[in-house]
Amino acid sequence: MSENNQEIIVDENRLIAERRQKLAKLRENGNPFPNDFKPKDYSDELHAKYNQFSKEELAEKSIGAVIAGRMMLKRVMGKAAFATLNDAKGKIQAYISKEKIGEDTYESFKHYDLGDILGISGTLMKTKTGELSIDATEVRLISKNLRPLPEKFHGLSDMEQRYRQRYLDLIINDTSKETFIKRSKIIQVIRDTLVNQDYLEVETPMMHTIPGGATAKPFVTHHNALDMPLFLRVAPELYLKRLIVGGLNRVFEINRNFRNEGLSARHNPEFTMIELYESYADYNRMMEITEELVRSSAKASVGSLVFEYQGKEVNLENSFDRLTIVEAILKYNTHLTIEQLNDKEFLKAEIKKLTREVPKTDSLAVLQLQLFEENTEGQLWNPTFILDHPMETSPLARQSDTNPAITERFELFVVGRELANGYSELNDPEDQAARFKQQVEQKDAGDEEAMHYDADYIRALEYGMPPTGGLGIGIDRLVMLLTDSASIRDVIFFPHMRPE
RNA sequence: GGAGCGGUAGCUCAGCCGGUAGAGCAGCGGACUUUUAAUCCGUUGGUCAUGAGUUCGAAUCUCAUCCGCUCCA
């Protein structure tokens, strides 16, 4: 016996037992799961093509239709019935009369359950209230449902069940299905936009021997044959830049990252990022492409550059604000002055007031960043690029040519949340080696999130990496924004949950 | 990790200052040939998250645990 041999969950009740009996009866009369019914039409196309015709016109045309879908509503009268079927594209009503389908089939149909998957062929008609319907000449059970669906009017609202049994959520809640269709469209338009600009989509390792590319705690796993630890990647950055060294020039990867942190409405341990790198570009070019990708995503999903997020308007029409950290603090906290923001002691006191913790750093730029995170970031509703990140917190970014304390880096904030992060890449191998050493010192001093020294990455840079711009966008957060979703769990099919 | 809220029929919910549980939908049986959450009549269905405690008696009060949501760190 395998140790994985789990106890089979018995989750049966009378309703399911009744349906199992129905199924047993169906088996006596043939296969209740046939695979020879082939739908020819989709509900949305039928509506699009034929809604325009009147009841009389449709009757005259006698247009055939063949659809398959899940029965969601059923209204049986004496000798005729209506059923609402959901297919992948929408829903359509069928009119089922004993007269047309015969007594036996009608009797069988009366015992079909909500949730059964049916195949229906017939001719298109309109009811007296004008609803396009299929006047059935054939009704077949294609797949028997054994578990009663959630309530037809209130649907499924229990969040836990919606996340754990997403299939049910998708069956019942149209908005959930729409959200995931939008997610797919967003990823598709990003992919198309980049490929059209000569970008190459690539795949790099998900399992790293040295975790790198971001300051975050990794998940650890173990390779048995090699008897060594492996780390699920926290970011693909260092591998993608190796490809830039290799001369691929423009690359991107849309894939999962894994970070060993807490769960929240904005954090799932695995999440999807796009990272892209472009040779001979800098962070200004990266800001341009960020705007382009966010706008095209909005058009592909929302259909507009102006929309609501959680009841408040977001406007992507104007070019996004660009503010340095200090400028942003001053703009959104008008009681503060530039003198105060250049005063380390003032900053420390202010941060302590907001967080009740004394900042550990003595760097002016880092103190400014910490204050920004506390009192400004949450206020950035319409898209805003924040520039001039401190050296210390940007170990892979190119130092500013004019101010050695800061880097050529930006973060994009929308609806008070970080959405994207980009910079001019650090391509000086000696500078990068020094930065890695600094990170290692921080790690030795107890900072679990500090980076490791990646000697092969330094070796790659020593072969020469062209000046490069790089960008990462959190896909889940972008989808949240464009689908008006409050939680990251609403845009990930199967968000991480504790076991039942 | 902390705080608050929640977990009652398949689903959506009521019941909660103690007296062993209700509705609607779904299901089952019946009526009904144009319904739209169809309607009408009848009817089945419960480990009240789990465990302990208080009590003559606990869905209800107390404690612990599990799961979820929200906020904070």
Side-chain angles (χ1 to χ4, degrees), chain A residues 9-23 25 47 55-56 58-59 70-86 91-103 106-107 109-116 122-136 144-169 171-174 260-268 310 351-352 354-358 370 373-374 378 416 485-490 495-500:
Chain A
I9 302 163
V10 183
D11 173 21
E12 300 273 291
N13 61 39
R14 204 195 76 257
L15 298 173
I16 294 170
E18 272 170 14
R19 294 196 183 189
R20 283 197 193 281
Q21 279 175 17
K22 287 186 187 180
L23 177 59
K25 255 193 179 164
H47 285 295
K55 185 172 161 72
E56 292 71 26
L58 277 178
R70 193 183 296 276
M71 181 161 66
M72 304 302 288
L73 292 170
K74 180 182 163 194
R75 298 174 284 278
V76 180
M77 294 159 294
K79 297 186 178 115
F82 288 94
T84 305
L85 255 62
N86 269 20
K91 51 193 64 173
I92 192 159
Q93 178 172 262
Y95 176 68
I96 294 142
S97 67
K98 192 191 264 188
E99 188 190 342
K100 286 258 173 65
I101 63 167
E103 178 134 18
Y106 190 75
E107 277 311 303
F109 169 79
K110 281 212 284 193
H111 294 97
Y112 291 164
D113 291 298
L114 295 185
D116 285 352
T123 47
L124 291 175
M125 58 168 261
K126 274 201 170 170
T127 64
K128 61 183 184 187
T129 54
E131 176 164 351
L132 186 72
S133 307
I134 298 172
D135 187 4
K144 182 65 192 152
N145 163 300
L146 291 176
R147 290 184 177 268
L149 293 183
E151 212 246 2
K152 63 188 177 188
F153 187 58
H154 297 97
L156 180 66
S157 60
D158 178 46
M159 292 314 285
E160 183 170 357
Q161 209 177 344
R162 290 182 59 194
Y163 296 148
R164 289 195 197 275
Q165 294 178 264
R166 183 67 83 183
Y167 43 89
L168 250 193
D169 184 36
I171 289 170
I172 294 291
N173 294 317
D174 291 343
N260 208 337
E261 295 159 0
L263 297 127
S264 83
R266 284 169 293 286
H267 297 89
N268 196 62
Q310 305 293 295
I351 293 163
K352 194 186 162 194
L354 295 167
T355 64
R356 288 188 215 91
E357 269 175 53
V358 184
Q370 287 183 3
E373 287 170 355
E374 292 305 322
S485 300
S487 171
I488 195 168
R489 299 178 203 100
D490 296 326
H496 186 78
M497 304 284 274
R498 285 194 171 86
E500 282 181 84

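Rounded to whole Å, the P atom of B:C48 lies 9 Å from the corresponding atom of B:A9.
Among the nucleotides B:U12, B:G68, B:A38, the one closest to the side chain of A:Arg164 is B:G68. When distances are taken from the side chain of A:Leu15 to each of B:C28, B:G10, B:U35, the shortest belongs to B:G10. The side chain of A:Ser487 lies closest to B:U70, out of B:G45, B:C67, B:U70. Distance from the side chain of A:Met77 is smallest to B:U35 among B:G29, B:U35, B:A73. For A:Arg489, the side-chain atoms get nearest to B:U70 when compared with the rest of B:U70, B:G27, B:A26.
Checked by distance alone, A:Ser97 brings no side-chain donor or acceptor within 3.5 Å of a matching partner on the base of B:U34. Side-chain N/O atoms of A:Arg14 and base N/O atoms of B:U44 include a donor-acceptor pair closer than 3.5 Å. Judged by distance alone, with hydrogens and angles left aside, A:Gln93 brings a side-chain donor or acceptor within reach of the base of B:U35, the pair sitting under 3.5 Å.
Per the geometry, CG belonging to A:Leu146 stands 15 Å off P belonging to B:G27, to the nearest Å. Protein atom NZ of A:Lys79 is 10 Å distant from nucleotide atom P of B:A31, rounded to whole Å. Between the CE atom of A:Met71 and the C1' atom of B:G27 there is a distance of 13 Å, rounded to whole Å. Between the CD1 atom of A:Ile16 and the P atom of B:A26 there is a distance of 18 Å, rounded to whole Å. Remark: P of B:U35 and CE of A:Met125 are 11 Å apart, rounded to the nearest angstrom. Computed from coordinates, the A:His154 NE2 to B:G24 P distance equals 13 Å when rounded to whole Å.
Base engagement by A:Lys128 is indicated by at least one non-hydrogen atom pair under 4.0 Å involving a base atom. Among the heavy atoms of the strands lying under 4.0 Å from A:Ser157 are primed sugar atoms or P, OP1, OP2 only; no base atom is included. Residue contacts shown for A:Gly155 are limited to sugar-phosphate atoms, with no base heavy atom under 4.0 Å away. At a threshold of 4.0 angstrom between heavy atoms, the contacts of A:Leu73 are confined to the sugar-phosphate backbone, with no base atom among them. Residue contacts for A:Tyr95: at a heavy-atom cut-off of 4.0 Å it reaches a base atom on one of the strands shown.
In the model, A:Ser264 has no side-chain atom that pairs as donor or acceptor with a side-chain atom of A:Arg266 under 3.5 Å. Side-chain N/O atoms of A:Arg19 and A:Asn145 include a donor and acceptor closer than 3.5 Å.
Taking the six-membered ring where tryptophan is involved, the planes of A:Phe109 and A:Tyr106 are tilted, since the angle between them lies from 30° to 60°.
Proximity of A:Gln161 to the phosphate of B:G68: no side-chain N or O atom is located under 4.0 Å from OP1 or OP2.
Closest-nucleotide positions on RNA chain B for A:Thr127 and A:Glu160 were compared, and the one nearer the 5' end corresponds to A:Thr127.
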